[in-house]
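Report on one structure; see the data block that follows.
As the structure lists them, so they are numbered: ligands from 1, and atoms in each ligand from 1. Just so it is clear, the model here is predicted, and its values are computed rather than measured.
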Amino acid sequence: MFLHGTSQINAQGHLEIGGCDTVQLKEQFGTPLYIMDEQLIRQRCREFVSAFRATGLSFQVAYASKAFCTVAMCALVAEEGMSLDVVSDGELFTALQAGFPVERIHFHGNNKTPDEIEMALEAGIGCFVVDNETELHLLQAIASEKNVQANILLRVTPGVEAHTHEYISTGQTDSKFGFDIGNGSAYEAVKLALQKSHLRLLGVHSHIGSQIFEVDGFMVAAERVAHFTREVYEQLHAEFRVINLGGGFGIRYTEEDTPLAVAKYVEAISQAVHTHFSGIGKQLPEIWIEPGRSIVGDAGTTLYTIGSVKDIPDIRKYVSVDGGMTDNPRPALYQAKYEAMLANRANDSDEETVSIAGKCCESGDMLIWDMELPQVQSGDLLAVAATGAYNYSMASNYNRLRRPAVVFVKDGHAELVVRRETFEDIVRNDLVPKKALSQC
Ligand code: LLP
């Protein structure tokens, strides 16, 4: 398994992360356990910020909290001086609980409810990324009722869809997100937004995909957005002060993945901005981006205890762990690939090919197919790497499993930032109809 960040093998032959021995972490916190390498998260934050500083552009790096959203994480992002992207009242509430500076919160989503809009306006968040015409009218109505001004970006679809090594120029109008540039709806949305007395149009937003390993898609998107910006400037005399180019920067899950260094993405974006936005309006726009996965993905490791082992001669050996699709739905949802190792016998040589199964009552609950491990025994600890993004945040209580605890590890200290759910948590919202009880 590739060792990310501060992960290393210690003198006892155990996997150690942030100076904490994973065998001891199991003793202290139990398994499954999400272990977050705090130093690596901070390093990634700083890589984005310093790469942008080097470009001379005005910028904001907003962490896309959907990747991993807890109060501790929002507090860390605030400490790193970054902004935050939220897509629901739940994420907004978490940020507010963390005391996140509201002016640096950006609110996304293709179906913000009136309640969510009210909550965000009352909190005084920095910007709404308006997705559609319904929202333009709704936001104007609620802002005017409250007699406040809302900063907005309009989400546009530039006709670029990017995934890992390729981008496709789609000219695609068929997306649930945003106003299409190609069919003229983005232009109409700008006209409409400019008429709204309680909306302050700062600019536009585009997001082209996730887990992207090349810069071309970002550069083409920047070019198309610049073209649109020029059209708006020349025909409507409106100047975009902010251009948000979204997230999507790839990370390494397995050796098949070859992401670029953070600085390379930022340099390419900066180059495209300088080339295509120069000469539109008085000055270059402020550039915002929204990395999620690339901030937390490789900083996360999930620790499991191995339970049953089932050997089907000449076919397959299933090794089951005490979690699965409930704490990591990505293999089942996206056929996502992960690497793992025995955390308690990290120096032992690989001896057999096994497949790692989760404990849910579903054949599709497999975490890793056909990987090499030493001879495993019940009670061994399995560490799965690069689980920091879209694992905890997408976890469920399927089969009424309790969601794992999360610890931040750094310099030999483990800080519990999310408690493991209890049985009480599992039934907390369950109600028994009074009638049924009286009949018992
Ligand atoms: N901004 C917008 C508007 C987005 O929709 C997303 C991700 C991001 C930023 C952050 O993208 P990132 O840097 O994390 O790639 N559940 C999927 C990923 C869904 C991404 C949705 N949007 C997964 O587990 O791979």
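- The Glu290 neighbourhood of ligand 1 comprises atoms 1 (N), 2 (C), 3 (C), 8 (C), 9 (C), 10 (C), 13 (O), with distances under 4.0 Å to a heavy atom of that residue.
- Using the six-membered ring where Trp is involved, Tyr318 and Trp369 have ring planes that are perpendicular, over 60° apart on the 30 and 60° scheme.
- Of the protein's non-hydrogen atoms, Lys66 CD, 3.8 Å is the one closest to atom 22 (N) of ligand 1.
- Annotation: atom 15 (O) of ligand 1 to nearest protein heavy atom, Ser210 OG, 2.4 Å.
- Of the polar atoms of Arg330, at least one N or O is found under 3.5 Å from an N or O of ligand 1, judged by distance alone.
- Looking only at side-chain heavy atoms (C-beta outward), Val242 and Pro285 stay at 4.5 Å or farther from each other.
- When side chains are defined from C-beta on, Thr94 does not count as touching Phe100, because their heavy atoms never get closer than 4.5 Å.
- For the pair Arg155 and Phe179, the NZ or CZ position fails the cation-pi test of under 6.0 Å to the six-membered ring centre and within 45 degrees of the ring normal.
- Classification of Asp370 and Arg316 as a salt-bridged pair holds, one side-chain N sitting under 4.0 Å from a carboxylate O.
- In this structure, the protein non-hydrogen atom closest to atom 8 (C) of ligand 1 is His207 CE1, 3.4 Å.
- Ligand 1 has Pro291 within reach: a non-hydrogen atom of the residue lies less than 4.0 Å from it.
- By the 30° and 60° cut-offs, the orientation of the rings of His106 relative to Trp288 is parallel.
- The shell of residues lying under 4.0 angstrom from ligand 1, judged by heavy atoms, includes Gly248.
- Of the polar atoms of Tyr390, at least one N or O is found under 3.5 Å from an N or O of ligand 1, judged by distance alone.
- Distances below 4.0 Å separate heavy atoms of His205 from the following atoms of ligand 1: 3 (C).
- If you number the atoms of ligand 1 from 1 as listed, the ones under 4.0 Å from a heavy atom of Gly292 come out as 12 (P), 13 (O), 14 (O).
- Nearest protein heavy-atom contact of atom 16 (N) of ligand 1 is Tyr334 OH, 2.8 Å.
- Separation of the His207 and His108 ring centroids does not fall under the 6.0 Å cut-off.
- Aromatic ring centres of Phe218 and Tyr167 lie farther apart than the 6.0 Å criterion allows.
- Geometrically, ligand 1 and Ala64 share no nitrogen or oxygen pair separated by less than 3.5 Å.
- For ligand 1, the polar-atom distance check finds no N/O of His108 at less than 3.5 Å from any of the ligand's N/O atoms.
- Residue-ligand proximity, Arg155 to ligand 1, at heavy-atom distances under 4.0 Å covers atoms 3 (C).
- A salt bridge does not link Arg230 with Glu239: none of the charged nitrogens is closer than 4.0 Å to a carboxylate oxygen.
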